[in-house]
Amino acid sequence: MTKDELLFNTWLTSVNTRLGRYIVRLMDESAHAAPAAGRTGYGVELADVEVELADDLNRLARAIALKAAGRPYPVDDR
């Protein structure tokens, strides 16, 4: 495995982990009645998490498409 392949796999794993945490949070918040004023026990609003995750997924999807086309692709989220 090359350094670039390792970096790409690390990026993919990181986004996958955050996606899993997002799903757990959705399940957690849907299982409980929303507290007053929409506040949760989380320090970051769900909408902010969703925007950041969507951005990460879009960048990763573009990189995967470039990789599949045999074109140069970013190997991390920088």
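All figures in this text were calculated on a predicted structure; none of them were measured in a lab.
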> Between the side chain of Ser14 and the main-chain N/O of Thr10, is any donor-acceptor distance below 3.5 Å?
Replying inline: no

> Any idea which heavy atoms bring Leu60 and Leu12 closest together, and the distance?
Replying inline: CD2-CD1, 3.5 Å

> Do you know which two heavy atoms are closest between Pro74 and Leu66, and how far apart they sit?
Replying inline: CD-CD1, 4.2 Å

> Side chains of Asn9 and Met1: does their closest heavy-atom pair fall under 4.5 Å?
Replying inline: yes

> Rest of the hydrophobic cluster containing Val51 (Ile/Leu/Val/Met/Phe/Trp/Tyr, side-chain heavy atoms under 4.5 Å)?
Replying inline: none

> Quick one: salt bridge (Lys or Arg N to Asp or Glu O under 4.0 Å) partners of Asp4, sequence neighbours excluded?
Replying inline: none

>> Please list all pairs meeting salt bridge (charged side-chain N to carboxylate O under 4.0 Å, His left out) that have one or both residues in residues 7-24, counting only residues at least two apart or in different chains.
In response: Arg18-Asp56

> Does a side-chain heavy-atom distance below 4.5 Å link Tyr42 with Val49?
Replying inline: no

> Any side-chain heavy-atom pair from Thr2 and Phe8 closer than 4.5 angstrom?
Replying inline: no

>> Could you measure the distance from the CZ atom of Arg59 to the CG atom of Asp55? Nearest 0.5 Å is fine.
In response: 5.0 Å

> Under a single-linkage rule joining Ile, Leu, Val, Met, Phe, Trp and Tyr whose side-chain heavy atoms are separated by less than 4.5 Å, which residues share a cluster with Val24?
Replying inline: none

> Is it the case that one hydrophobic cluster holds both Leu6 and Ile64, taking links as side-chain heavy atoms less than 4.5 Å apart, direct or via other members?
Replying inline: no

>> I need the full list of side chain to side chain donor-acceptor pair (under 3.5 Å) pairs touching residues 62-74, with sequence neighbours left out, sorted by first then second residue.
In response: none

>> Using side-chain heavy atoms (C-beta onward) and a distance below 4.5 Å, is Leu53 in contact with Leu19?
In response: yes

>> Going by side-chain contact (heavy atoms from CB on, under 4.5 Å), name the residues that satisfy it together with Leu26, two or more places apart in sequence or in a different chain.
In response: Tyr22, Leu46, Glu50

